[in-house]
Amino acid sequence: MIEQRRIVRTALPGPVSAELAGRRRAEVSAAVSGGNDIYVAEASGAILVDVDGNRLIDFGSGIGVASVGHSHPKVVEAVTAQASGYGHTCFMVSPYGGYLDLCRELNARTPGDFEKRSVLLNTGAEAVENAVKIARAHTGRPAVVVFDHAYHGRTNLTMAMTAKVQPYKDGFGPFAPEVYRVPMAYPYRWPTGPQHCAEEAFAEFASRVHLQVGEDHVAAVVLEPIQGEGGFIVPPPGFWRLLREWCDQHGVVLVADEVQSGFCRTGDWFAVEHEGVVPDLVTSAKALGGGLPIAAVTGRAEMMDAPVPGGLGGTFGGNPLSCAASLAAIEVMESEDLAGRARQLGAILTSRLEGLAGSFPQVGEIRGRGAMMAIELVTPDGSKSPDAALAKAVVAGCAKRGVVMLSCGSYGNVIRMLPPLVTAFDLVDDAMDVLAEAFAEAVG
Ligand SMILES: *Cc1c(COP(=O)(O)O)cnc(C)c1O
């Protein structure tokens, strides 16, 4: 394992990274999202080693993927063994047991003690698309209800479900029909205050669906337990329960999009467990594969079995290498109690971020749960005006000091922290010191 310490020996990005960044412009579509231009050579645990020999603390985890840490030895071992056995046969053509083992794990670990089934796919967007297909097949209804600030992916259907036009949807329409958006229960920005947010947001949801869609036309309500790209928005207590009751009343499938929040990130195996609510379908991806691409839909057997035989699948879905990686990652989450570790990281992050908020009135809100924490940055005049420029400057200031942070949020003014769940506590402290330095520099 690479020593878990931040070491900055060149300017960041360093000269070799700068050379690669120059090449990127000639080789890669300019439309592909760009980050910090610091190119990776090697990674382990919570440390990225760049091509110039710098060691960075990774608070991005490849967008919440590397929860068990980069290149966890157990994952590497499992993938290596699988690759030398067989790499791909396609589960739909020549099946293998790893697919079944992973479905068994998903069925056992997702919330709900009813009978479940799973389907394995490649990406989060594909999982969300399939959850909608399943809900439509089960209900025989077309409509899907989603929320402001939602992020569900970049395919055609999931673009329609994603809220933010820039940069995800601009110029890419027409979008899939029968997707309806309602206001999100966003406590920090709820007009009448956070204490009224759950009831009022639910009333708004129910009224709009009644007036504009019709309950009988709704196949599914899809919501992230903590909204990811939209700004780590945590709905107020009770909001999920109200949605659950409404879905039960109207025969609507409740889908928890746990692509970012699932698999121990928030201190439970799934973030929705915290709400005391059991969804009908759960989508997983990101951390599920321990670094390899894989995704899943898991849920009630009668819903999962509703599509026509052959209606679900795909060439690479549940690829043997990804299944092996995922099974190893789940074993690591269990044996290293990474849910518990996420809670510890959350406590440390919260106390450090509270310190930051004490020094900088631009920190409008600290929110999140476990190792999925964020700060929303605003102008310090009490108006809560989003300050995206500050978020961008702070993230850049962290990068040049050797800490990878990500921004997010509909207004681009949220800095999110998604450290690997195995991150050593002294590295968290170091990263938080860097965040404070970058903040001080950015506010001048
Ligand atoms: C990342 C994400 C997706 C899309 O996953 P991809 O693997 O990028 O397609 C969907 N839903 C949520 C909540 C996500 O965070």
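Just so you know, these numbers come straight off a predicted model, no measurement behind them. Whatever order the structure lists ligands and atoms in, that order sets their numbers, starting from 1.
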Protein contact of atom 5 (O) of ligand 1 - nearest heavy atom, named by residue and atom, plus distance: G124 CA, 3.2 Å
Any non-hydrogen protein atom below 4.0 Å of atom 15 (O) of ligand 1? yes
So that I can tick it off, tell me whether D337 and R341 are bridged by a salt bridge, with the cut-off set at under 4.0 angstrom between side-chain N and carboxylate O. no
Residues R109 and E334 bridged, charged N to O under 4.0 Å: yes
Taking heavy atoms and a distance under 4.0 Å, where does E258 meet ligand 1: side chain, backbone, both or neither? neither
How are the rings of Y99 and F91 set to each other: parallel, tilted or perpendicular (split at 30° and 60°)? parallel
Closest approach of any protein heavy atom to atom 4 (C) of ligand 1, naming residue and atom: A125 N, 3.5 Å
Across all chains, not counting sequence neighbours, the salt bridge (charged side-chain N to carboxylate O under 4.0 Å, His left out) partners of D101 are R104
Which ligand 1 atoms does T123 reach within 4.0 Å, using its non-hydrogen atoms? 7 (O), 9 (O)
G153 N/O under 3.5 Å from ligand 1 N/O: no
Under 4.0 Å between a side-chain nitrogen and a carboxylate oxygen: does that hold for E129 and K133? no
Relative to each other, are the rings of Y96 and Y86 parallel, tilted or perpendicular (30° and 60° limits)? tilted
How close does the nearest protein non-hydrogen atom get to atom 11 (N) of ligand 1, and which residue and atom is it? D257 OD2, 2.7 Å
Kindly confirm or rule out an N or O of K286 lying under 3.5 angstrom from an N or O of ligand 1. yes
Salt-bridged, R189 to E376, with N to O below 4.0 Å? yes
Check whether any N or O atom of E126, backbone or side chain, sits under 3.5 Å from an N or O atom of ligand 1, and answer yes or no. no
Atom indices of ligand 1, in the order listed, that fall short of 4.0 Å to a heavy atom of E224: 13 (C)
Applying salt bridge (charged side-chain N to carboxylate O under 4.0 Å, His left out), can you list everything that pairs with R136, at least two apart in sequence or on another chain? none
Once you restrict to heavy atoms under 4.0 Å, what part of A285 touches ligand 1? Side chain, backbone, both or neither. neither
